[in-house]
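Structure first, commentary second.
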Amino acid sequence: MECSMCVHTSKTKKIIEYEGKPICVDCLTMLKYPPNFEKMREEVEEILKNLKREGGKYNCILAFSGGKDSVLALKLLKEKFKLNPLCVMVDNKYIAKEAIENALNVTKYYNVDLMILNRDYTELFEDAIKRGESPCRRCSKLILREVWRIAKLLNLKYIITGHELPFGHSAVRDMKEGIKMIRLLAPYKFKEEEKYEMLKDLPWKKPNLYGYTTNCLVLGVALEKFYEKYDFSFEIDRVATLVRLGLLSKEKAKEKLKKPKVPKEVYEELRRRGLKI
């Protein structure tokens, strides 16, 4: 059975009948408790307006990957909110070179500072791929820990990210020791095509990568191995949420959820960087 609202099936999520139609439990929850995006937007914009009044060399930290979402977040911070963030990129050794070039070009364009932290997540990625699991949550957790440390060192209270989905009913979440994280794109509900249109005037080029990413070399291989084990994509929850919120059509979502065919050149590049696969 397939959910009538999103792209979940009975294989990936519990499906029930609701008002005569099959619906997954996640969609049912949203119908019963719909998020208020206008309220989210008001909350985020009020925080950012206050940050502008505070002054200082940097108003906030922007977790920056060089991918489309963090670049769009930078565009909003500079052009809409007139803020000066410190962009912090964690190069985990497997960021696509095109994403690093994009990060350098866009931060230069906006005349903002970019800090690149060199780390090595080889062990994490090898473990996830070997077990046929997603590395994304663990990788994201490590990256945010590094960004939090910089915010703490510089006494900055807000970390901005380019995440497009909210924390349930808010785009703001408390981190440790008084630091808050803001998912800047979440309240605005930008569709995929709108994002690319907004980036057209920037020195940013879309990399030819595999999976739902514009910065990570590992994702396509991890998806391929997960698909071989479970016969579906570990990005299903995220993509289903985009469909549920009207940010992605079912047709495009199903296309993104297909098993990727990662060319041997990508495997060779990953091995060259140190990944034993």
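The two atoms that bring L156 and Y58 nearest to each other are CD2-O, 3.3 Å, heavy atoms only. Across C24 and R244, no two heavy atoms sit closer than the pair SG-NH2, 4.0 Å. Considering every non-hydrogen atom in both L51 and C60, the closest pair reads CD1-CB, 4.2 Å.
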### Task
Dump the intermediate steps for side chain to side chain contact (heavy atoms under 4.5 Å, CB included) on N84 and V112, then the final yes or no.
CA-CA 7 Å; N84 184 42; V112 296; 3.6 Å; yes
### Query
Under the side chain to side chain contact (heavy atoms under 4.5 Å, CB included) criterion, do T9 and I236 qualify, and how do the steps go?
CA-CA 10 Å; T9 68; I236 179 69; over 6 Å; no
### Task
Test side chain to side chain contact (heavy atoms under 4.5 Å, CB included) on H169 and N36 and set out the steps.
CA-CA 7 Å; H169 290 258; N36 186 334; over 6 Å; no
### Message
Assess the residue pair R119 and L142 against the criterion (side chain to side chain contact (heavy atoms under 4.5 Å, CB included)); give the C-alpha distance rounded to whole Å, side-chain angles, the decisive distance to 0.1 Å, and a yes or no.
### Response
CA-CA 10 Å; R119 300 294 183 262; L142 289 176; over 6 Å; no
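E45 and K80 are joined by a salt bridge, as a carboxylate oxygen and a charged side-chain nitrogen come within less than 4.0 angstrom of each other. A salt bridge is defined here as a Lys NZ or Arg NE, NH1 or NH2 lying under 4.0 Å from an Asp or Glu carboxylate O, and K252 with E255 fails to meet this definition. For the pair E146 and R149, the salt-bridge criterion is met [side-chain N within less than 4.0 Å of a carboxylate O]. By the 4.0 Å N-to-carboxylate-O rule, K39 lies too far from E43 to be salt-bridged with it. Using a 4.0 Å cut-off between a side-chain N of Lys or Arg and a carboxylate O of Asp or Glu, E79 and K75 qualify as a salt bridge. A salt bridge links K200 with E197: the distance from a Lys NZ or Arg NE/NH1/NH2 to an Asp or Glu carboxylate oxygen falls below 4.0 Å. Under the 4.0 Å criterion applied to side-chain N and carboxylate O atoms, K250 and E2 are assigned as salt-bridge partners.
Residues K78 and L74 are in side-chain contact: their nearest non-hydrogen atoms beyond the backbone lie under 4.5 Å apart. The closest side-chain heavy-atom distance from L242 to E192 is not below 4.5 Å. A 4.5 Å side-chain heavy-atom check between D26 and C6 finds every atom pair outside the cut-off. Two residues are said to be in side-chain contact when any heavy atoms from C-beta on lie closer than 4.5 Å; Y158 and N59 fail this criterion. Under the 4.5 Å side-chain criterion, counting only non-hydrogen atoms from C-beta, F125 is not in contact with L270. Under the 4.5 Å side-chain criterion, counting only non-hydrogen atoms from C-beta, L62 is in contact with C87. Within the 4.5 Å cutoff, side-chain heavy atoms of V90 are placed close to those of Y121. You'll find the side chain of V147 stays beyond 4.5 Å of the side chain of M181, heavy atoms only.
The cluster map of Ile, Leu, Val, Met, Phe, Trp and Tyr, joined by side-chain heavy atoms under 4.5 Å apart, puts L245 and L184 in different clusters. Hydrophobic clustering keeps I182 apart from L144 (ILVMFWY residues linked when any side-chain heavy atoms are closer than 4.5 Å, directly or through intermediates). Residues I160 and L83 fall within the same hydrophobic cluster, defined by Ile, Leu, Val, Met, Phe, Trp and Tyr side chains chained together at heavy-atom separations under 4.5 Å. Hydrophobic clustering keeps L72 apart from Y212 (ILVMFWY residues linked when any side-chain heavy atoms are closer than 4.5 Å, directly or through intermediates). V25 and V243 end up in different hydrophobic clusters when Ile, Leu, Val, Met, Phe, Trp and Tyr side chains are linked at under 4.5 Å.
Counting non-hydrogen atoms of neighbouring residues, nucleotides and ligands closer than 6.0 angstrom, the NZ atom of K259 exceeds 12 such neighbours. Around atom CZ of R273, more than 12 heavy atoms belonging to other residues, nucleotides or ligands sit under 6.0 Å away. Counting non-hydrogen atoms of neighbouring residues, nucleotides and ligands closer than 6.0 angstrom, the CG atom of N111 reaches no more than 12 such neighbours. By the 6.0 Å contact criterion, NZ on K108 is open, its count of non-hydrogen atoms from other residues, nucleotides or ligands being 12 or less. Atom CD of E265 has more than 12 heavy atoms from other residues, nucleotides or ligands within 6.0 Å. Enclosure of atom NZ in K191 is not indicated, since only 12 or fewer non-hydrogen atoms of other residues, nucleotides or ligands lie within 6.0 angstrom.
Under the ring-ring contact (aromatic ring centres under 6.0 Å, His included) criterion, F37 pairs with no residue, sequence neighbours left out. With sequence neighbours excluded, the residues satisfying side-chain hydrogen bond (donor to acceptor under 3.5 Å, both in side chains) with E177 are K152.
Looking at S4, its side chain never comes within 3.5 Å of a backbone N or O of K21 through a donor-acceptor pair. When atom types are taken as modelled, the side chain of S10 and the backbone of M1 share a donor-acceptor pair closer than 3.5 angstrom. T107 places a side-chain N or O within donor-acceptor distance of the main-chain N or O of A103, the cut-off being under 3.5 Å. In this structure, the side chain of K205 does not engage the main chain of E98 through any donor-acceptor pair within 3.5 Å. Between the side chain of N102 and the backbone N or O of G67, no donor-acceptor pair lies under 3.5 Å.
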Show me the donor-acceptor pairs, under 3.5 Å and distance only, between side chains in residues 218-229 and residues at least two apart or in other chains.
residue : atom : partner : partner atom : Å
E224    : OE1  : Y267    : OH           : 2.4
E224    : OE2  : V262    : N            : 3.2
Y227    : OH   : L257    : O            : 3.4
K229    : NZ   : R131    : O            : 2.8
K229    : NZ   : E133    : OE2          : 3.1

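The aromatic rings of W204 and Y196 sit tilted, their planes meeting at an angle between 30° and 60°.
Exactly one of R238, K189, R183 qualifies for a salt bridge (charged side-chain N to carboxylate O under 4.0 Å, His left out) with E164. That residue is R238.
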